[in-house]
Amino acid sequence: MQVAVVTFDGFNELDSFIASALINRCRKDGLEAFITTPTPVVTSMNGVEVTGQRPMEFVTEAEVVLIGSGVKARDVVEDDRLIARLRLDPSRQLIGAQCSGALVLARLGLLADMPACTDVKTRPFVEAHGVTVLDTPFHAEGNIATAGGCLASQYLATWVMTRTLGEDAARGVLDYVSPVGENRETVERALSAVRSGESVLR
């Protein structure tokens, strides 16, 4: 199973790298994430240049697509040609968005009547699309999920690991990366956030 971590120019490192790093600890189980970019090289909001591992067209074949956030999210949603390259299908793909990535999902019409999570700065722009923004770090309905707050990217990754490989796989990864002495609290917090954020419609 392949995961496209969509990473635009001006991206937030925490969003793309945390999700990608956690998911890639499941390679042995057949789940692998790739930084997916619209251009060969993108530059983060803090000036870090990253070479994409997959081109944007990879989103059509990936089983999971995570839309990262960044300081140029509003430019992204106004770029019709770029948006047209994001051909996503929630009937066969898990689709998640981190912070301002929710603005991209709104632009694509994928949120419909679903409420979403996003960051404080992006909130009014997501609401302008008629989307209700929740004061929670994670929410999912069916095959679509959103997370709000940079460190909530661990919840998005937990959702992906749980939905594709099961809770035990997610527990193993979270336990390994937890701060020493805080393993149980870290694992349970992430799993609890995902459980409470998932809709009964699933």
For this session: Can you tell me which residue pairs pass the salt bridge (Lys or Arg N to Asp or Glu O under 4.0 Å) test with a partner in residues 38-58, sequence neighbours excluded?
Result: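 For residues 38-58, and leaving out neighbouring residues, the salt bridge (Lys or Arg N to Asp or Glu O under 4.0 Å) pairs sorted by first residue read Glu57-Arg85.
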
For this session: Check side-chain hydrogen bond (donor to acceptor under 3.5 Å, both in side chains) between Arg123 and all other residues, then give those that pass, not counting sequence neighbours.
Result: Glu127, Asp135

Problem set entry | Partners passing salt bridge (Lys or Arg N to Asp or Glu O under 4.0 Å) against Arg81 (at least two apart in sequence or in another chain) |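 For Arg81, no residue satisfies salt bridge (Lys or Arg N to Asp or Glu O under 4.0 Å) once neighbours in sequence are set aside.
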
Evaluate the side-chain proximity of [Y] to [X]: yes if any heavy-atom separation is below 4.5 Å, no if none is.
X: Thr146; Y: Leu105; answer: yes
X: Leu86; Y: Met56; answer: yes
X: Leu156; Y: Leu66; answer: yes

Exercise. Going by the side-chain hydrogen bond (donor to acceptor under 3.5 Å, both in side chains) test, which pairs reach into residues 8-17, not counting sequence neighbours?
Worked result: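 Counting only pairs at least two positions apart or across chains, the side-chain hydrogen bond (donor to acceptor under 3.5 Å, both in side chains) contacts touching residues 8-17 are Thr7-Ser16, Asp9-Lys72, Glu13-Ser44, Glu13-Asn46, Asp15-Ser69.
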
Problem set entry | Residue pairs fulfilling side-chain hydrogen bond (donor to acceptor under 3.5 Å, both in side chains) with at least one residue in residues 170-180, sequence neighbours excluded | Glu167-Arg171, Arg171-Glu188, Asp175-Asn183

Expected output: side-chain [X] to main-chain [Y] donor-acceptor under 3.5 Å:
X: Thr122; Y: Asp119; answer: no
X: Thr162; Y: Trp159; answer: no
X: His139; Y: Gly197; answer: yes
X: Ser100; Y: Ala73; answer: no
X: Arg87; Y: Thr60; answer: no

Exercise. Apart from Leu174 itself, what residues make up its hydrophobic cluster, given side-chain heavy atom links below 4.5 Å?
Worked result: Val187, Leu191

